[in-house]
Asks: 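Here's a structure for you.
Quick note on labels: first sequence line is chain A, next is B, and so on, each numbered from 1.
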2 protein chains.
Amino acid sequence: MATPQLTKNQTLVMDALSHSEGPMSAYTILDKLRDHGFRAPLQVYRALDKLQEYGMVHRLESLNAFVACTCPHDHEHDHGVTAFTICEGCGQVTEFHDEAIEQRLSTLTRAQNFKTEKTTIEIRGHCQSCA
Amino acid sequence: MATPQLTKNQTLVMDALSHSEGPMSAYTILDKLRDHGFRAPLQVYRALDKLQEYGMVHRLESLNAFVACTCPHDHEHDHGVTAFTICEGCGQVTEFHDEAIEQRLSTLTRAQNFKTEKTTIEIRGHCQSCA
DNA sequence: GCAATTGATGTAATAACATTACATGACGAC
DNA sequence: GTCGTCATGTAATGTTATTACATCAATTGC
């Protein structure tokens, strides 16, 4: 999907996430953006929905939080399955992609005639520094 | 981990989940168990925590819901990584395990010196009937 | 026996996350 | 200009999860 011009709110949310060290909850983003006129959760959720649609933001299901995509490419093509390691110590999140896993999952879902729409892979643990 | 004798509340929650077609939220479980004396969310969450610890229940992060483990074995040994397909149509959840994926993830996390504690794999889509 | 500890339970209150409903404004197509 | 569409603003509410504190039962050590 081609990334369209972002709206004002989408830009604000994207910037907040980009400049953050780690993942942020919707309400944390809201608080960061109060100075910029944000008043209600919905403003954040609406922007996040679009940004996810554009592939610029990922939702971490196990944290109820959001991160900017760290993928070096632009977002004009699909990157397939996205996986994350999430450090319980420092909160660091690392995004990665792996063709082999993607293939294998595809084989397995195909075997049960399952039509995949979205795949979530999240690995909780401790990073090298926090082990 | 050897499965200990379940307490009264744990048994009630486990039975509720076992007899359910699909995943249930904590609050849905609570409602089902009002007749059995449950009054507060915490009673459910405490039981669920233990049941997950014993490997008898899995949490579906992308649904904020819980399912009984469908693994045919008893729960006295680790089954490694658990993955799920989740149908958006009928709500059916299928649990599966795959050695190849486990190996591959292990290799990848090892490469970043990441110590895995819990792995979440959830595939949202449509099952054969609902496609 | 009987403190002391541990683990399960009960209850209330609150925190954290997310959505519904409805109103308004900006802008291009026609 | 008016219609349709999309972004926005605001309030209210719904859903999920935790904190804090009190009680009770079983076990241990003395």
Asks: If the sugar-phosphate is the primed atoms plus P, OP1 and OP2 and the base is the rest, what is the B/S/- string for nucleotides 5-21 of chain D, using protein heavy atoms under 4.0 Å?
Replies: --SBBB-----BBBBB-

Asks: Applying ring-ring contact (aromatic ring centres under 6.0 Å, His included), name anything that partners A:Phe84, two or more places apart in sequence or on another chain.
Replies: A:His58

Asks: Strictly below 4.0 Å, N to O, side chains only: are A:Arg34 and A:Asp31 in salt-bridge contact?
Replies: yes

Asks: Nearest-Å distance, CG (B:Leu48) to P (C:dA8)?
Replies: 14 Å

Asks: What's the CD-P distance between B:Glu53 and C:dG7, to the nearest Å?
Replies: 11 Å

Asks: Should A:Glu61 and A:Arg59 count as an ion pair when the cut-off is N to O under 4.0 Å?
Replies: yes

Asks: Measure the distance from CG on B:Leu12 to C1' on C:dG10 and round it to the nearest whole Å.
Replies: 15 Å

Asks: With side chains defined as the heavy atoms from C-beta onward, is the minimum distance between A:Val81 and A:Thr116 less than 4.5 Å?
Replies: no

Asks: Suppose we screen for ring-ring contact (aromatic ring centres under 6.0 Å, His included). Which residues come up paired with B:Phe114, at least two apart in sequence or across chains?
Replies: none

Asks: How long is the line joining CG of A:Leu30 and C1' of C:dT19, in whole Å?
Replies: 15 Å

Asks: Are side-chain heavy atoms of A:Tyr27 and A:Val44 found at a separation under 4.5 Å?
Replies: no

